Visitor: 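I am attaching a structure below and will ask some questions about it afterwards.
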Amino acid sequence: MIRHEIRPSAAALRLSGEGAFEALARARELEAFGHDVIHLEVGEPDFATPAHVKRAGIAAIERNATHYSPSAGIAPLRDAVADYAARFRGMAPFARENVVISPGLKPLIWNVLAALLDPGDEVIFADPAYPAYAGGSAYLQAKAVPIPLLESTGFRLDLDMLAAKISPRTKVLALNSPHNPTGGVLTRDDLETIARLAIENDVTVISDEIYSRNIYDGAFVSIASLDGMRDRTIVLDGFSKAYAMTGWRLGYGVMPAKIAKTVALIGQNNYSCTATFVQEAGIEALTGPDDAVTEMVAEFRIRRDAIVAGLNGLPGISCMRPDGAFYAFPNVSGVTPDDRKLASFFLEEAHVAGLAGAGFGAAGRGYMRFSYANSLANIETAIERMRAVLPRFPG
Ligand SMILES: Cc1ncc(COP(=O)(O)O)c(C=O)c1O
């Protein structure tokens with residue numbers, strides 16, 4: 001018999017996993033052995049999806065909205081997204097042709113990158129960053145051009161470095177504000193400079209605004225609302241973080257109509273469409289009462305202050321106060337430069353699941369990410385457990 005080994009493609013071998021899902025898998029194993037793990041690894045709100053949104057989803061199932069939908073999404077949700085973009089982001093009015101719906105934002109990131117990038121094109125993004133941008137770019141053989149975010153400058157994008165890194169091959173600049181994993185928020189001034197650079201150098205901007213509702217000081221500014229940016233920006237957002245809808249899988253993009261067609265075509269080739277009743281629930285989230293979002297944000301602010309204070313009280317650890325998202329990104333280099341070892345130690349010994357900063361890029365080394373989308377009581381217990389085991393860290 002001829003032995004056969006099924007071999008993955010070279011493109012697949014360029015991918016790496018997402019630390020959050022890997023840590024979650026190990027945490028679940030520990031739970032299966034009866035350990036009580038505190039989950040500060042995965043970025044998902046612990047709140048229930050707002051009741052009126054759940055009811056809309058259930059009603060849609062009962063109305064048999066359980067069949068295929070157009071690949072770009074159902075028209076009423078696309079209209080609601082376009083309307084929300086104008087209302088919330090101050091984007092010049094867009095129509096349904098500008099909107100693509102997807103089963104979660106993550107596949108849409110992939111589709112947008114696939115719609116834009118040829119081998120050798122350069123993509124600029126922050127380091128550390130949400131890993132989907134590096135993954136998709138590597139798969140497509142585009143060249144990643146990372147810009148290190150430095151704690152000393154509040155994890156803000158260094159705009160001089162950005163200007164220096166733009167080359168004639170730069171096709172895409174991927175922004176994410178509020179930012180995963182640092183919680184940093186770009187100011188209007190930052191965005192104006194970035195917009196000027198994008199226009200001068202004819203670069204397309206992908207603006208991942210999935211944490212745009214998770215902002216604690218000041219108002220959110222979308223780069224898409226700035227002069228000259230409407231036709232060169234692809235705004236990405238979704239329902240996971242603002243409406244505690246991670247498991248529903250619902251995301252969207254707002255972009256010029258021509259590229260929206262290409263992005264939707266890639267989705268059609270991939271997953272065909274997004275679950276229809278999930279989209280119906282999305283309409284309710286965008287157009288129904290908004291109080292649940294405001295309440296969640298108020299609670300996140302309290303938790304942010306608690307986790308930052310708690311982490312700053314641990315020996316060898318210091319943590320800046322993040323302005324957005326729901327992540328604390330402490331510097332742990334006073335304990336060890338090996339953040340992976342420390343993350344694994346906290347998980348195995350304290351049963352506190354957090355993430356190694358290095359999983360978000362080379363500049364994340366020496367940091368950890370803790371999601372504070374967990375109860376105040378759990379956050380406080382997690383801090384106490386880490387305090388108790390730290391003296392035993394083997395170094
Ligand atoms: C920056 C960023 N973009 C996109 C996503 C994807 O969200 P989802 O696929 O749940 O819509 C996440 C999730 O953690 C994220 O942090």
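These figures come from a predicted structure and were not determined experimentally. Order of appearance sets the numbers: ligands from 1, and atoms from 1 within every ligand.
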Visitor: Has Arg7 got more than 12 heavy atoms of other residues, nucleotides or ligands less than 6.0 Å from its CZ?
Guide: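 No, the 6.0 Å shell around CZ holds no more than 12 heavy atoms from other groups.
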Visitor: Are there more than 12 heavy atoms of other residues, nucleotides or ligands under 6.0 Å from atom CZ of Arg188?
Guide: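 Check fails, neighbour count at 12 or below.
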Visitor: Counting neighbours of CG on Asp217 that are heavy atoms of other residues, nucleotides or ligands and sit closer than 6.0 Å, is the number greater than 12?
Guide: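 For Asp217, atom CG is crowded (more than 12 foreign heavy atoms under 6.0 Å).
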Visitor: Parallel, tilted or perpendicular: which fits the ring planes of Phe239 and Tyr252, with parallel below 30° and perpendicular above 60°?
Guide: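 Rings of Phe239 and Tyr252: perpendicular, over 60°.
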Visitor: Return the protein residues near ligand 1 (heavy atom under 4.0 Å from any of its atoms), ordered by chain and residue number.
Guide: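 Near ligand 1, by chain and number: Gly104, Leu105, Lys106, Ile109, Tyr130, Asn176, Asn180, Asp208, Ile210, Tyr211, Ser240, Lys241, Arg249.
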Visitor: Considering only residues two or more places apart or on different chains, which pairs with a residue in residues 334-346 satisfy salt bridge (Lys or Arg N to Asp or Glu O under 4.0 Å)?
Guide: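 Every candidate salt bridge (Lys or Arg N to Asp or Glu O under 4.0 Å) pair involving residues 334-346 fails, so no pair, neighbours aside, qualifies.
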Visitor: Would you kindly check if the NZ (Lys) or CZ (Arg) of Arg369 is within the cone defined by 45 degrees around the ring axis of Tyr327 and under 6.0 Å from the six-membered ring centre?
Guide: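 Judged by the rule (NZ or CZ under 6.0 Å from the ring centre, within 45° of its axis), Arg369 counts as positioned above Tyr327.
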